[in-house]
Amino acid sequence: MAKEECSFGKKCYRLNPIHFREYSHAHLESIISQQGLTKTEDKFELPSSFKTDLPQDVIKQQVGVILSMKKHKEMSKDFKAQKDQPASSSSAGPSNSNSTNTRHGKEESSVLSKWEAAAPFHLFMTVVPNIPQTLEEGLSISLSDLYHPSFGDIDESLQINFMVDVNFLLKNLAAANCVGKPMLILYETSNFEEVKNQTREIKALCVKPKSMFGHHHTKMSIILYKDKSIRVVVSTANLIEEDWNDYSQGVWISPSCPPAEDKTKGESPSGFRSSLASYLSAYKLKDLEKWIQLVRGADFSNVKVCFVGSVPSTGPHEVKQWGLGRLKHLLQKYVPAESAEANWPLLVQCSSIGSLGQTPSDWVESQLKSTMLGAARQPHSKTPLYLIYPCLKDVKSSLSGGGCLPYSYATHRNQMWLCEFVYKWRADCRMRGFAMPHIKTYSRLSPDWTKAAWFLLTSSNLSKAAWGRSTHQGQGQNILSYEAGVLFVPQLMVGKKHFEVSLGPKQESQKLPFPFDLPPVKYDSSDKMWVSDYLQQ
């Protein structure tokens, strides 16, 4: 089925590849066809007859995005063909990590055992089939693994995500011998309409925030088992093939939460149950009532992480529930001021960056950093800020390019001060240096990089839309998007002031498995931040 034509036509200014997967743009395809463009580095000029109110460089960037997507699609086809060929040497990768439960001809050990070995954090990264070593990593997980029978006999599931390829999701369910199960999907963009007649067990609802700058960006699943227990999964990956095969992603998997014997008990020490129920309630959807009641009736006492969600909101009374207000409340409650000295760096690692203001003090220093200092009474200027974001060289040497990094020059040129804070993407400790990061993390670490005061895995990028901006003289905040994350604090998880940090593919006892290399590597003088405009070069 053909994609719907973008309603903005030639006035469309979007550069995010996700938008171009959902909507077609006849004027851009016409330019590509007329000029015979096949590669992002192809140079071209717009025809004199082409009229638009947008700057020509925006149109060229959009053409570059489409060409890059086409190139990626062809590369994926080639890789699939290679995977289908018999392995001729020991260096050949597995046939397909997302469609089989065997590796190197042996039956895969129980995924539940892998989950148990990852205690107490249960924090994973997704496998990257193009990097075979990740398939052997104890802290790697595939999408089909989430539905492995060792976790339980699945009854139905709730999938909440930004972008959903239903065929890809069903393929992974089939790989786990879990087909024909009822499923509710909340999405912003999906191919569900194309396949809904073939998937009667699925109900899908489109969720789009009112603001054009907001997104339904959460990546979360809740799985209900035959024994009435539930399990929650919070990740950074869309339910599409490239997200689970090509990029560096993070996944947290909760313990099994059985029905509580007494519904007045069974709350998580972190308040996770009530926070999750409040998040689901914020949708105001009748189809979620069942899931809200399942959450409220489950025993979450073994869940030690905190839920950090965002929903479109503006009211002062909601500040402590969502976004930066929620994170500030949790850090002040669970992370003592003495847990981090003033010189403990704040690490921000993301896959996209919004419009942050003309100076650091407009939002990053005054709102983001002040929130992430928690209960500390420290001057913002004494806390170093490290922004982990791929440079141009990182992307050019990567496996799949910068399609997951939609930061544009149009935004960057108004906040060049960011260059003072940027550090390269390096993840050799997890064998993912060549897999560009779609993962998003925030953390506070000691200057010698061996301890963490806290760690957050989230769908929230570095943007006001995701985190919120202060309103009403600091008494309220304006959030535009739906987001979800999990906060790890030492006091709740290991009973100490700090986490010890582990850099490697195996879970070390009581140590936080970090997803990228430490210490961060500063950009060279010749390095440039990756912007999506490079797709056309």
Side-chain angles (χ1 to χ4, degrees), residues 18 22 155-164 166 169 181-190 192-193 196 201-224 230-239 252 254 257 267-268 271-298 300 303 306-327 329 458-461 463 465-468 476-487:
I18 293 172
E22 183 176 6
D155 194 25
E156 57 183 301
S157 66
L158 169 64
Q159 307 289 343
I160 304 177
N161 218 295
F162 179 24
M163 190 173 188
V164 181
V166 176
L169 178 57
K181 306 291 185 179
M183 183 187 303
L184 174 62
I185 301 175
L186 304 186
Y187 68 90
E188 180 168 324
T189 176
S190 174
F192 176 70
E193 290 299 317
K196 64 180 181 180
E201 72 276 14
I202 297 178
K203 182 171 185 178
L205 302 174
C206 181
V207 178
K208 288 194 176 184
K210 293 180 180 179
S211 170
M212 65 184 297
F213 299 106
H215 289 290
H216 181 250
H217 201 242
T218 294
K219 293 102 170 61
M220 179 169 62
S221 303
I222 304 178
I223 302 170
L224 172 65
I230 60 175
R231 193 182 299 273
V232 181
V233 178
V234 175
S235 83
T236 63
N238 292 292
L239 291 172
W252 172 79
S254 83
C257 300
E267 175 60 284
S268 163
F272 189 101
R273 181 174 69 179
S274 59
S275 297
L276 177 57
S278 294
Y279 174 84
L280 297 176
S281 298
Y283 283 94
K284 296 180 172 58
L285 293 172
K286 289 184 179 180
D287 292 277
L288 283 178
E289 283 301 320
K290 172 181 178 178
W291 293 97
I292 294 169
Q293 295 308 315
L294 284 169
V295 169
R296 287 175 173 164
F300 275 77
V303 175
C306 306
F307 183 80
V308 182
S310 289
V311 302
S313 56
T314 57
H317 63 284
E318 299 175 303
V319 170
K320 290 185 178 181
Q321 280 191 283
W322 315 119
L324 284 181
R326 175 65 178 165
L327 182 59
H329 171 72
T458 177
S459 63
S460 295
N461 277 304
S463 77
W467 283 109
Q477 65 181 355
N478 183 31
I479 299 175
L480 304 181
S481 295
Y482 291 88
E483 309 280 359
V486 285
L487 175 67

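Computed over heavy atoms, backbone and side chain alike; hydrogens, waters and symmetry mates excluded.
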Working to the nearest 0.5 angstrom, can you tell me the gap between [X] [atom1] and [Y] [atom2]?
| X | Y | atom1 | atom2 | result |
| --- | --- | --- | --- | --- |
| Tyr187 | Phe192 | OH | CZ | 7.0 Å |
| Leu169 | Ile185 | CG | CD1 | 5.5 Å |
| Leu324 | Ser460 | CG | OG | 8.5 Å |
| Ile223 | Met183 | CD1 | CE | 9.5 Å |
| Thr236 | Lys219 | OG1 | NZ | 8.0 Å |
| Leu288 | Gln293 | CG | CD | 11.5 Å |

Are side-chain N/O atoms of [X] and [Y] paired as donor and acceptor at under 3.5 Å?
| X | Y | result |
| --- | --- | --- |
| Tyr279 | Ser310 | no |
| Arg296 | Ser274 | no |
| Thr458 | Glu483 | no |

Which atom of [X] lies closest to which atom of [Y], heavy atoms considered:
| X | Y | result |
| --- | --- | --- |
| Val319 | Gly476 | CG2-CA, 3.5 Å |
| Pro182 | Asp155 | CD-O, 3.3 Å |
| Leu480 | Pro209 | O-CB, 3.4 Å |
| Leu294 | Ile230 | O-CD1, 4.0 Å |

Using only atom types and a distance under 3.5 Å, with no angle test, would you say the side chain of [X] pairs donor to acceptor with the backbone of [Y]?
| X | Y | result |
| --- | --- | --- |
| Ser211 | Phe213 | yes |
| Ser254 | Arg231 | no |
| Asn161 | Ala237 | yes |
| Ser190 | Val164 | yes |
| Ser481 | Gly214 | no |
| Trp467 | Asn461 | yes |
| Lys208 | Cys206 | no |
| Ser275 | Arg273 | no |

- Message: Is the distance between the ring centroids of Tyr482 and His216 under 6.0 Å?
- Response: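 Ring centroids of His216 and Tyr482 are less than 6.0 Å from each other.
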
- Under 30°, 30 to 60°, or over 60°: which ring-plane class applies to Phe307 and Phe272, parallel, tilted or perpendicular?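 Because their plane-to-plane angle is over 60°, the rings of Phe307 and Phe272 count as perpendicular.
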
- Given Val207 and Tyr283, is the side-chain contact (heavy atoms from CB on, under 4.5 Å) satisfied, shown in steps? CA-CA 9 Å; Val207 178; Tyr283 283 94; 4.0 Å; yes

- Query: Under 4.5 Å between any side-chain heavy atoms of Ile479 and Ser313, yes or no?
  - Reply: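 In contact.
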
- Message: A side-chain contact here means heavy atoms from C-beta on lying under 4.5 Å apart; do Ser157 and Lys181 qualify?
- Response: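 When only atoms from C-beta onward are counted, Lys181 and Ser157 do not touch, as no gap falls below 4.5 Å.
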
Salt-bridged, [X] to [Y], with N to O below 4.0 Å?
| X | Y | answer |
| --- | --- | --- |
| Lys203 | Asp287 | yes |
| Lys290 | Glu156 | yes |
| Lys196 | Glu193 | yes |

- Item | Verdict with reasoning, Val232 to Ser221, per side-chain contact (heavy atoms from CB on, under 4.5 Å) | CA-CA 6 Å; Val232 181; Ser221 303; over 6 Å; no

- Task: Scan Ile202, Ile160, Leu205 and name whichever one has a side chain to side chain contact (heavy atoms under 4.5 Å, CB included) with Leu184.
- Result: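 The side chain to side chain contact (heavy atoms under 4.5 Å, CB included) with Leu184 is passed solely by Leu205 among Ile202, Ile160, Leu205.
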
- Query: Given Leu280 and Leu285, is the side-chain contact (heavy atoms from CB on, under 4.5 Å) satisfied, shown in steps?
  - Reply: CA-CA 9 Å; Leu280 297 176; Leu285 293 172; over 6 Å; no

